[in-house]
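The chains referred to below are lettered A, B, ... by the order of the sequence lines, with proteins before strands, and numbering in each begins at 1. Heavy-atom basis, side chains included; hydrogens, waters and symmetry copies ignored.
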Protein chains: 2
Amino acid sequence: MQQPTEGELAILSVLWRLGGATVREVNDRLNDDSDKPIGYTTTLKLMQLMADKGLVSRDTSSRSHVYTAIAGRERTQQGLLRRFVDATFGGSRTQLVLRALGESNATPDELAEIKRLIEELEKEENHA
Amino acid sequence: MQQPTEGELAILSVLWRLGGATVREVNDRLNDDSDKPIGYTTTLKLMQLMADKGLVSRDTSSRSHVYTAIAGRERTQQGLLRRFVDATFGGSRTQLVLRALGESNATPDELAEIKRLIEELEKEENHA
DNA sequence: AAATATATACGAAAGCATTCGTAGTTGCAA
DNA sequence: TTGCAACTACGAATGCTTTCGTATATATTT
């Protein structure tokens, strides 16, 4: 599965949230969040290209085609994360985490959740 | 300070390691790690553009100009991280961290270091 | 039925990063 | 001093993503 570009990722994010959506719906969502408005045909074109690449499927049975993400969210995030860590932190996920936590405004709950995960990982270590 | 592109970041990484370096030195390093060789003039051009953008400074007193990073490593990583988290994890650093740790091969030492950081952050929480 | 709104399709332009060819310069070695 | 090696400068080509204009078809409203 090919990695999405930044524009494609924005569209995938909407599809992950909505499940399935028309170009109109996606384009509206994109323009809700966004500063600079994106033209309808721009979104359409991008989604057509994504269909060609296999990132999304589409149901063309009604006039307004309904698109659905094929690319999985976790898998896609993992792939992008790998690229980013390689380029920016020399491949060290730990460095990334340290930098991310260092300036995050993580809430106590979030910190607790991360700590819990770490403790689980440590348990796995011990079992191995 | 403008964010570097991916190619520029690769060059900055070398400069951060070496302190100051000529185009030849940077190009050699890039081609050490890399699969696909990068032409000398390609690196030269990129570094010239970086000088224009203020990402690096250069000492032109000798024939081989010596380049030095102006962009700081931590600051640059922070900036790139923010962009990435916004695009890929909807701005949630916590999500990023959870995903990064979930599949990392972090060593026990690294896990311990992250835990230590979290505990420090929790202490700060309490003080506030 | 005619006018209007909303779809898809698609070529092409625009924007940006990267790559390279080539010209011209400077140092060094034969 | 002649020639070769290494350097800078820079225009231009390439490649990729994004954006948009326009043609065309299909629904909906008046």
Please tabulate, one pair per line, each protein N/O and nucleotide N/O from nucleotides 25-30 of chain D that are separated by under 3.5 Å, including the distance.
unit_1	atom_1	unit_2	atom_2	d
D:dT26	O2	A:Arg63	NH1	3.3

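The distance from atom CG of A:Asn27 to atom P of D:dC20 is 10 Å, rounded to the nearest whole Å. Per the geometry, NE2 belonging to A:His65 stands 8 Å off C1' belonging to C:dA7, to the nearest Å. Taking atom CG on A:Asp28 and atom P on C:dT6, their separation rounds to 11 Å, with Å as the unit. B:Glu25 places its CD atom 15 Å from the P atom of D:dA6, with the value rounded to the nearest Å. Rounded to an integer number of Å, the gap from B:Gln3 CD to C:dC16 P is 16 Å. Atom-to-atom, CG of A:Leu49 to C1' of C:dT8 comes out at 14 Å; the value is rounded to the nearest Å. Remark: P of C:dT8 and CG of A:Leu46 are 14 Å apart, rounded to the nearest angstrom.
In terms of heavy atoms, A:Gly20 sits closest to A:Glu25 at O-OE1, 4.3 Å. The two residues B:Leu9 and A:Ala87 have their closest heavy-atom pair at CD2-O, 3.2 Å. For the pair B:Leu96 and A:Ala100, the tightest heavy-atom approach, listed with the atom from each and the gap, is CD2-CB, 3.9 Å.
Using a 4.0 Å cut-off on heavy atoms, none of the residues of residues 9-24 of chain A approach DNA chain D. Remark: A:Gly39, A:Thr41, A:Thr42, A:Lys45 in residues 37-45 of chain A come within less than 4.0 Å of DNA chain D through at least one heavy atom.
Judged as a salt bridge (charged side-chain N to carboxylate O under 4.0 Å, His left out), and not counting sequence neighbours, the contacts of B:Arg99 are A:Glu74. Judged as a side-chain hydrogen bond (donor to acceptor under 3.5 Å, both in side chains), and not counting sequence neighbours, the contacts of A:Arg83 are B:Glu6. A:Lys115 pairs by the salt bridge (charged side-chain N to carboxylate O under 4.0 Å, His left out) definition with B:Glu119, B:Glu122, not counting sequence neighbours. By the side-chain hydrogen bond (donor to acceptor under 3.5 Å, both in side chains) test, B:Asp28 pairs with no residue at all, sequence neighbours left out. Residues meeting the side-chain hydrogen bond (donor to acceptor under 3.5 Å, both in side chains) test with A:Ser62, sequence neighbours left out: none.
Both A:Glu6 and B:Arg58 sit near DNA chain D, but only B:Arg58 has its closest nucleotide nearer the 5' end.
The side-chain hydrogen bond (donor to acceptor under 3.5 Å, both in side chains) contacts involving residues 43-57 of chain A comprise A:Glu8-A:Lys53, A:Asn27-A:Thr43, where partners must be two or more places apart or lie in separate chains. Pairs passing the side-chain hydrogen bond (donor to acceptor under 3.5 Å, both in side chains) check and including a residue from residues 11-21 of chain A, sequence neighbours excluded, do not occur.
When hydrophobic side chains of Ile, Leu, Val, Met, Phe, Trp and Tyr are connected at separations under 4.5 Å, B:Ile114 ends up clustered with A:Val97, A:Leu98, A:Leu101, A:Leu111, A:Ile114, A:Leu117, A:Ile118, A:Leu121, B:Val97, B:Leu98, B:Leu101, B:Leu111, B:Leu117, B:Ile118, B:Leu121.
Using the six-membered ring where Trp is involved, A:Phe89 and A:Phe84 have ring planes that are perpendicular, over 60° apart on the 30 and 60° scheme.
Of the side-chain N and O atoms in A:Thr5, one or more sit less than 4.0 angstrom from OP1 or OP2 of D:dT18.
With B:Thr107 contributing its side chain and B:Glu110 its backbone, the two residues share a donor-acceptor pair below 3.5 Å.
Annotation: the terminal axes of the helix from C:dA1-D:dT30 to C:dA30-D:dT1 meet at 20°, where each axis is the rotation carrying the C1' atoms of four end pairs onto the next four (5 pairs per end, rounded to 10°).
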